Amino acid sequence: MSTIIEFKNVDKIYNSGNHILKAMDNVNFKINKGEFVIILGPSGAGKSTLLNLLGGLDTLTSGEIIVNGNHVEKFSDNQLTGYRAKNVGFIFQFYNLIPNLTALENIELMKDIADVNINGLDVLDSVGLKDHANQFPAQLSGGEQQRVSIARAVAKQPTMLLCDEPTGALDSKTGVLILKLLQDMSNNKETTVIIVTHNAILAEAADKVIRIKNGQIESISVNDNPKKVTELEW
Amino acid sequence: MAFLGVFVFAGVGGESEGLEANSNDYYSSTNLADGWIYSANLDRGFLDEVYTLGPTTEMERQLVVDSVANFSNDPEITLHFVENNTISKFYLIKGEPLNISDSDGVWLDKSFADAKNIKVGDNITFEFNGFKIEKEIKGIGYSPEYVYHASKSSVIPDFSKLGFAYMSYKAFPSEIVPYNVLNVKFDGTAETFSSLLSEKMDGKYNSFVERSEHTSVSQFSEEMDQHQMMAGIFPVVFILIAMLILLTTMTRIITHQRTQIGILKACGFRDISIMFHYVSYGFWLVLAGSILGLIIGPLTLPKLFYPSMSATYILPSWKPAWSMDFFYVALAMIMMSILVSYYAVKSIFNEKPADTIKPKAPKVSSSGMIEKLGLWNRLSFNTRWNYRDTKRNKFRALMTIIGVIGCTALLVSAFGMYDGMNDLKEWEFNQINHYDSKLVIDEEASISEIDNVAKEVNGDKIMENSIEIESDSAKKSGSLLVLNHTDLVTPTDYDWNKIKIEDDEISISQKMADMLDVGVGDTVKWHIMGSDKWVKTKINKIHADPTSQGLIMSSDKLEELDLNYTPTGIVTTEHIDRNYSTIKTTNSMNDMTSSWDELTEAMWLLIYILIFFASLLAVVVLYNLGLLSFTEIEREIATLKVLGFKTGALRKLLLTQNLWFTTIGFLLGIPVGYYILKVMWESSGDSFYILPSISLTNIILTAAITFSLSIFVNLMFSRKIKKLDMVESLKSSE
């Protein structure tokens, strides 16, 4: 399998006045195409910082981030916007759907951003929400909203799906459904899925587990036989 | 916002209140006469009779004559030989008080003295009715009868050409003083006094002028009316919008504090102390703003107007006055802010603290008619988003639109006034009057002398008089213009088309016809001021005139009505700078237009101030509401940015909504502005007639200002979009 994402000696230092915080300290790892990756760590370990850097929401202090052969750290603001639009599918803890748009419109919105020709209804169907196409986010349950959010993220056929505690606001049953959906995406469509979480149980389902602590990589382990999300003991 | 509203309200109000207070003080401290009885025979018997009318409390005789003072430009000085000067007292500025036993002294008009650089102690010579007297100037000052003083030929005073002087009756060159004016003070209304007078003493006097009809008093009160009118319309519009914005802002600020209030409640704070905190928060701000506005408004704004007004009107003091109204308005503003915060907080209290801690669930959007149309799916994301956002925030949309309506209306009416003032000048000085000089004929001149001058200057004779016109429904004073086939003065209709008034026709001006509620074919009754011969005439035509309202006819028609044709002026295309013995003064067109400009200076100033504040208003309204909505949709914007929307697309998103509202507000604002303009012109005094009109330039200018302000405000937000921290905005659900 080919390497699609690579972090090389990445440092990220937050400097607020005389208080200096090293959120990323010499981080190195590689992720292959189609991998289902879990990034584990306690709160404040730097998980979100890693995701933000990878997603093009934040810029690093030093080092290299190579995605599809491109140096993300060298992108301008405009290039970053384009990078986010084409390569990154975000899935947030709080879904972040546009409340003014229906489920279907939230997905078709992606046509405006990435040059993709998709059928919104088909995408909704793939997350099992075809019947809710014309409902507004506020009319959907949390799990349904998160499915719309996943549909929105995959609609533009991104290089990777970045998920920040995607089940954080959901009950465990719904959470499993969402994770299953994500795992299937990775297995069937060869989409690289990266999930940030503090829930260690998930590790058994991942192809690759990256543990971080205090801004540093603690360990990187590869599962040759990952379990299905539904087989995990919650 | 509170400051701005109260500032403009109290400032403009203070100006007009000040005019009224100053003139009232002046009139009462100088004991201005309540009325003037003109008669050639003011002997003891006459005085007794006036006294026995009943309401009379004070009387004093004067001899008022026109004289020429010894200066190269033959200035026209009205001399008052007074019996004791207890009524309409001379207001001394410099020198010694008017001394009734002083036969050598004269007390001179300060404006004239200033224009001629004459000082107390100088000598001055007057010529009148064959007399020539030389007196020493003992004092310089003002008179309440001369707040406004212009010659008969021009509405604008030129202080180097005319003035007045007071002297003791002892200064009169003959033993017997032929008194001709009786100043009276009386109890009760002028109407009662006037009817008593005409009933009991009919035929014994020429005319009676009550205070409100006196040229100086009425001109100044008309001016005050105009100012009050302005003080009545614009600041009110302004303060209403200010209140509106203030209230929306406060409600929204409190709604934003929702979770905070919930947390405070959950922590065990009592309702009353939370309430007190939030109510006092708005209260102090509004209070501070209002107080500042109340103080600074009247201190600054009137200062802008008074200098140009004091060029035309003479008052001893120009001070802004303070009215309780300002205080009430400020109080209302404060009360409303308390009420609004109270109810906003109250509605949050009504929910359970558990719900309050969480942010309010977003309002559910619903699909309406438009979505069902096939067209909807073809609309861009931008349009869809903005449509739904507007639908979800109707209140915000309404407020923004009202704000823009206010701004547009103020701008349209301000530019409309600007156009109207220019139109008026063009109409009066280019469309109707085509002469270069107007010679004012001395009253003593004989017909043959007048004819000689007219021939010499190649001019046409005209007759202008004040008249009083009566219809079944109303009685108004106006002017009479008698023309003899001259093409130097050409009456027009309201479209500026010349109209021909035949020899046997009488034409009435549009405004006069409106005021009297008469039309072509109706009959009106009128008489020339100073004569009590009333005539009844049928109206044949209607003309329109911007500055004088009344009748126009030929000399043949006048004589047919058995009235004397006595020309009062000669108009000519030649530029006259020679003096004729039969000519009192010569006014050139240039003099008239430049004095017109001076007279209208205050208006211009007002227009500029209006434009400035209307623009300021627009910025504040748009920015304020924009800011509030921005904080509301910040999270959405951040999400869109994360998803990969370009800053430009997001900017366009906000701009679209702004432009929608601005367009709607602008379109609705134009008719509102037109209405304000109409009310303005209609209340601009009986003698002015201006049709409200909104030119294309006006609309283009207003659009340019409104829309560029809207875009300017939007630019301020695009900076915010750029700086928006995506990571921060996405972290929590708040």
Side-chain angles (χ1 to χ4, degrees), chain A residues 14 48-49 51-53 55-59 77-102 104-115 120 133-140 142 149 152-153 155-156 158 162 164-165 168-169, chain B residues 358-368 371-372 376-393 629 632-653 656-657 721-734:
Chain A
Y14 289 109
S48 295
T49 307
L51 210 62
N52 291 337
L53 290 175
L57 297 182
D58 211 344
T59 47
D77 270 3
N78 266 340
Q79 282 172 311
L80 274 179
T81 306
Y83 164 73
R84 284 199 302 269
K86 294 212 172 67
N87 295 306
V88 189
F90 284 97
I91 291 157
F92 310 93
Q93 183 175 1
F94 298 103
Y95 336 125
N96 288 69
L97 297 173
I98 305 299
N100 280 333
L101 302 179
T102 62
L104 182 62
E105 285 164 353
N106 259 290
I107 290 161
E108 291 190 328
L109 181 60
M110 291 303 124
K111 289 194 211 164
D112 283 27
I113 299 174
D115 280 328
N134 290 321
Q135 279 177 322
F136 287 94
Q139 294 166 312
L140 299 170
S149 159
R152 178 177 68 180
K156 58 184 178 185
L162 295 184
D164 193 356
E165 299 278 10
Chain B
K358 285 182 241 153
K360 200 169 189 151
K363 267 187 254 169
V364 176
S365 292
S366 58
S367 305
E371 281 97 329
K372 299 215 169 72
W376 175 257
N377 291 325
R378 261 177 272 158
L379 294 176
S380 69
F381 158 70
N382 190 333
T383 316
R384 290 191 206 187
W385 186 87
N386 275 307
Y387 170 75
R388 293 245 178 80
D389 192 55
T390 308
K391 232 173 101 180
R392 261 179 34 178
N393 297 290
S629 59
E632 277 170 8
I633 57 171
E634 203 172 348
R635 197 175 147 77
E636 266 178 86
I637 299 285
T639 307
L640 290 172
K641 205 174 163 185
V642 169
L643 290 178
F645 267 89
K646 294 205 177 70
T647 310
L650 295 175
R651 186 190 303 158
K652 209 178 130 199
L653 201 67
T656 306
Q657 203 175 92
I721 296 176
K722 238 186 181 143
K723 279 198 243 148
L724 192 68
D725 187 347
M726 289 174 281
V727 181
E728 280 302 314
S729 316
L730 291 179
K731 263 194 180 146
S732 70
S733 70
E734 234 203 313

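Note that the structure is a prediction, hence the values are computed from the model and not measured.
With rounding to the nearest 0.5 Å, the separation of CG in N96(A) from CG in L643(B) is 8.0 Å. If you take OG1 on T647(B) and CG on N78(A), they are separated by 7.0 Å, rounding to the nearest 0.5 Å. One finds the OG1 atom of T639(B) at 5.0 Å from the CD1 atom of I98(A) (value rounded to the nearest 0.5 Å).
Side-chain contact between W385(B) and L109(A): absent, with no pair of heavy atoms (C-beta onward) separated by less than 4.5 Å.
With R388(B) contributing its side chain and P99(A) its backbone, the two residues share no donor-acceptor pair below 3.5 Å.
Heavy atoms closer than 4.5 Å to chain B are found nowhere in K86(A), neither backbone nor side chain.
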